Number of protein chains: 2
Amino acid sequence: MERQVAAVRRFNRTVTQRIGALDDAYMARARPLAQARLLWEIGPGGAEVAALRARLGLDSGHLSRLLRALEGDGLVTVGPSDRAGDDARVRHARLTDAGRAEWTELDERSDRFAQSILEPLAGPHRERLVAAMAEVERLLVSSMVVIEPCPPGDPRARACVRAYAREVARRFDDGFDPALSSPVDDADLTPPAGLFLLATLNAEPVGCGAVKLRPDAPAEIKRVWVAGTVRGLGVGRRLLAELERHAAQRGRRRVRLDTNRNLTEAIALYRSAGYREVEPFNTERYAHHWFEKRLAPRVER
Amino acid sequence: MERQVAAVRRFNRTVTQRIGALDDAYMARARPLAQARLLWEIGPGGAEVAALRARLGLDSGHLSRLLRALEGDGLVTVGPSDRAGDDARVRHARLTDAGRAEWTELDERSDRFAQSILEPLAGPHRERLVAAMAEVERLLVSSMVVIEPCPPGDPRARACVRAYAREVARRFDDGFDPALSSPVDDADLTPPAGLFLLATLNAEPVGCGAVKLRPDAPAEIKRVWVAGTVRGLGVGRRLLAELERHAAQRGRRRVRLDTNRNLTEAIALYRSAGYREVEPFNTERYAHHWFEKRLAPRVER
DNA sequence: CAGGATTCCTGACTAAAGTCAGCTTTATGG
DNA sequence: CCATAAAGCTGACTTTAGTCAGGAATCCTG
């Protein structure tokens, strides 16, 4: 671990600092960095002011002033949304022609900067750098995924469950009709009857998982799903572990689940997480495999 | 190439930006970021003011003021070097006990930050991240190596040649006595009689190479050396290519060199760069292999 | 439709960063 | 020993960044 920490620190120092500083220098033209970044973030398609504030993490007053500055330079116009019926409080920033030209310039500079990094390297090294960068990026992204309890009625939770249903419908041999599957009630996934976990990346939902805690039955895990964009990065495993931890904490000694034979990664995950296949314990229409795992009793924490 | 540029840009954006910002946040305690960075950079061993200025890229006035601020807080003392005989204009910054305590705190924060990146990842992913980070770092470092012509009498050039002699003395079966080797005159490596190239990383010399251009003989390459810290990153290949380019530009159609059998990486490099082994063309005491390469005639540029 | 919540804006600041000219002290090369 | 250069300091700025309290317009909810 110590060695790993040292490696991460060295990386932060050389890469983050140096590249970061250079990137800023390339970005800032005659303009203050914050303005350049904002212009960039608005982009050719325009953006809502609220979204910009969230993405750049700026104070509302500060952002307003930056927008006024860009407006003053004739690069941006800020006005209400063009679609009628939209919330008229929400304002929309758009690039003018001059702004678009400036944006293109920034885009090209960014390209040139990336090229200047690749250019001194010989072909194979170049390919290795790109591959390693992609790997770092993927893994860092996955380490930024946050998992927390969430009411199953939350819109983000609903979005995940819908995505889950869509995917399952695509992958099951005979499609998926929710009406034929045993239904799950929101109340069963709300503490203390159960728990729904939501995985988010930068506040965007990217996964979910739930556990049902019936009074004197084994805990039952449902709806473990991970978005394609972060699959293969251990998010599923983290969700599962978190659900098991919760069940153990609530005194359950066993946890079980059923799954479809086409969900091969899920089955692999369950096996490698210590689940053993058992006889069917329900009559779920779409299930082919039933798993169970014994939990070590855990102290309340 | 386009795909690679896009990958680098995505990396710059997500990794550099996010990690960079977080790193700053961890670094800055109650103190302004620039002060914290400076304190960190001074380190437990102290540092010369000029070195700090170079490393942090700060204006002399700005740095002075930052030092005064840290001095005012009792964290740093600035005075002349402790060794007698040193240049008394050069001032040396040292941490006080309080400053050392603060430094330790920053060090621990940096550790904690690195841990917070690793912690959400499962073991194997963690190892992959560390490996990928190391790879990115090495390759980026290599892409920051600058190769340029340099007078062979320059102190940095001399340092490289000394390092070359030391290494060669260690690796040759029978040591290396410069007196027994055919001597190379500085004048032969100075334009137009020849060329000496220096490879530097952040202004530190990390490699060299030279070519001798006798009037009507093939160009002869000498003293290609790369420091251990950047070996395996294509610096040797770049040096070689640059020397060949120069020879071609000066009208030479062939370039040759001799080498010792123990310099296996060098031999592999020459072969893969298109050199073919030829009969001995000189009586160099330490040479076992003689190589030659035909150059494509190149237009002046 | 009243009252509260949202969204964005402005005014009035403070803090930090960065710039530049000129000064003092110390080295160095004839 | 003198002229010149180099290292670092101070004073006197300007520019950016960031904060916070209110205020107008718009929306939502009962």
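Throughout, a chain's letter reflects where its sequence line sits, starting with A, and its residues are numbered from 1. Everything quoted here is computed from the prediction, not taken from an experiment.
- Ring pair Phe11(B)/Phe11(A) is perpendicular by interplanar angle, where above 60° counts as perpendicular and below 30° as parallel.
- Taking the nucleotide of DNA chain D with the nearest heavy atom to each of Gly61(A) and Ala30(A), the more 5' of the two is matched to Ala30(A).
- Residue Leu66(B) contributes atom CG, which lies 14 Å from atom C1' of dG8(D) at whole-angstrom precision.
- Regarding Leu52(B), its CG atom lies at a distance of 9 Å from the P atom of dG8(D), rounded to whole Å.
- Between the side chain of Thr96(B) and the main chain of Leu75(B), a donor-acceptor pair closer than 3.5 Å is present.
- Rounded to a whole Å, the CG atom of Asp24(A) is 11 Å from the P atom of dG18(C).
- One atom, CG of Leu38(A), and another, C1' of dG18(D), lie 15 Å apart when rounded to the nearest Å.
- Look at Lys222(A) and Asp188(A) and you find no salt bridge, because none of the NZ, NE, NH1 or NH2 atoms lies under 4.0 Å from a carboxylate O.
- Taken from CZ in Arg94(B) to CZ in Arg100(B), the straight-line distance is 10.5 Å, to the nearest 0.5 Å.
- Nearer to the 5' terminus of DNA chain C, by closest-nucleotide assignment, is the contact made by Ser60(A) (compared with the other of Ser60(A) and Pro32(B)).
- Atom CG of Leu58(B) is separated from atom C1' of dT19(C) by 13 Å (rounded to the nearest Å).
- Atom NE2 in His92(A) sits roughly 23 Å away from atom P in dA25(D) (whole-Å rounding).
- Between dC9(C), dC9(D), dA17(D), one nucleotide has an atom nearer to the side chain of Leu33(A) than all others, and that is dA17(D).
- Using modelled atom types, one side-chain atom of Arg238(B) and one backbone atom of Val145(B) make a donor-acceptor pair closer than 3.5 Å.
- OP1 or OP2 of dG8(D) has at least one side-chain nitrogen or oxygen of Arg53(B) nearer than 4.0 Å.
- For Arg89(A), whose side chain is taken as the heavy atoms from C-beta onward, the closest listed nucleotide among dG8(D), dC9(C), dC28(D) is dC28(D).
- Of the candidate nucleotides dA17(C), dG8(D), dC27(D), dC27(D) has the atom nearest to the side chain of Asp87(A).
- At whole-Å resolution of the value, CD in Glu48(B) and P in dG8(D) are 8 Å apart.
- Here Asp59(B) lies in heavy-atom contact (under 4.0 Å) with a base.
- Residue Ser64(A) places its side chain closer to dC9(C) than to any other of dC9(C), dT26(D), dT10(D).
- Residue Arg65(A) has no polar side-chain atom (N or O) positioned under 4.0 Å from OP1 or OP2 of dT10(C).
- Regarding Leu67(B), its CG atom lies at a distance of 15 Å from the C1' atom of dA17(C), rounded to whole Å.
- The 5' end of DNA chain D is approached more closely, in terms of each residue's nearest nucleotide, by Val78(B) than by the other of Arg31(A) and Val78(B).
- For dA17(C), neither phosphate oxygen OP1 nor OP2 lies less than 4.0 angstrom from any side-chain nitrogen or oxygen of His62(B).
- Between Arg68(A) and dT10(C) there is a side-chain N or O to OP1 or OP2 distance below 4.0 Å.
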